Amino acid sequence: MEERKTLVAGGNLLQAHTWKGLLEACGIHVELRGEALLGGVGELPAGLHNIELWVRESQLAKAQAQLSALEVVSPEWQCVQCHEMNEGNFELCWHCSAERSESHN
């Protein structure tokens, strides 16, 4: 059996499942560890309820590259209705809820 390496560790279960799904869609086998310990939050020491993603050693570099690609920062955009500036990852204006218009950014 091939040795596994920790790819990421943290306490955000939603983010861990999102990353796991992305990596598995790219053909990378991912093992999620620590999920069952979240039921003991508040009862267990803080260091025991981390969520960890583990991958095969041979797939570690590919997995790291996939997660690094997610850290691309989208440029801000200006709403065509109210002219408010919005973060790049917003699809609707935070101020007036108008849809993002790529043609005017």
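All of these numbers come straight from a predicted model, not from anything done at the bench.
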Nearest-0.5 Å distance, [atom1] of residue [X] to [atom2] of residue [Y]:
X: Phe90; Y: Glu76; atom1: CZ; atom2: CD; answer: 9.5 Å
X: Arg100; Y: Leu92; atom1: CZ; atom2: CG; answer: 10.5 Å
X: Leu53; Y: Thr6; atom1: CG; atom2: OG1; answer: 9.5 Å
X: Cys26; Y: Lys62; atom1: SG; atom2: NZ; answer: 6.5 Å
X: His29; Y: Gln59; atom1: NE2; atom2: CD; answer: 8.5 Å
X: His17; Y: Leu22; atom1: NE2; atom2: CG; answer: 14.5 Å

Is Trp94 reachable from Trp77 through a run of hydrophobic residues whose side-chain heavy atoms are each under 4.5 Å from the next?
->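 Cluster IDs for Trp77 and Trp94 match.
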Same cluster or not: are Trp54 and Leu60 linked, directly or through other Ile, Leu, Val, Met, Phe, Trp or Tyr residues, by side-chain heavy atoms under 4.5 angstrom apart?
->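 Unlinked, Trp54 and Leu60 end up in two clusters.
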Shortest non-hydrogen contact between Gln66 and Leu23, atoms and distance =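 Of all heavy-atom pairs spanning Gln66 and Leu23, the closest is CB-CD2, 3.6 Å.
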Write down the atom of Glu84, the atom of Cys93, and the distance for their closest heavy-atom approach.
->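 That closest heavy-atom pairing would be CB-SG, 4.2 Å.
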Hey, is Glu31 close enough to Arg4 for a salt bridge, meaning N to O under 4.0 Å?
->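 A salt bridge is present here (some side-chain N lies under 4.0 Å from a carboxylate O).
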Distance-only, no hydrogens or angles: does the Lys5 side chain make a donor-acceptor pair with backbone N or O of Ser58 under 3.5 Å?
->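 Checking the backbone N and O of Ser58 against the side chain of Lys5, no donor-acceptor pair under 3.5 Å is found.
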If you draw a 6.0 Å radius around CD in Gln81, do more than 12 non-hydrogen atoms from other residues or ligands fall strictly inside?
->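 For Gln81, atom CD is not crowded (no more than 12 foreign heavy atoms under 6.0 Å).
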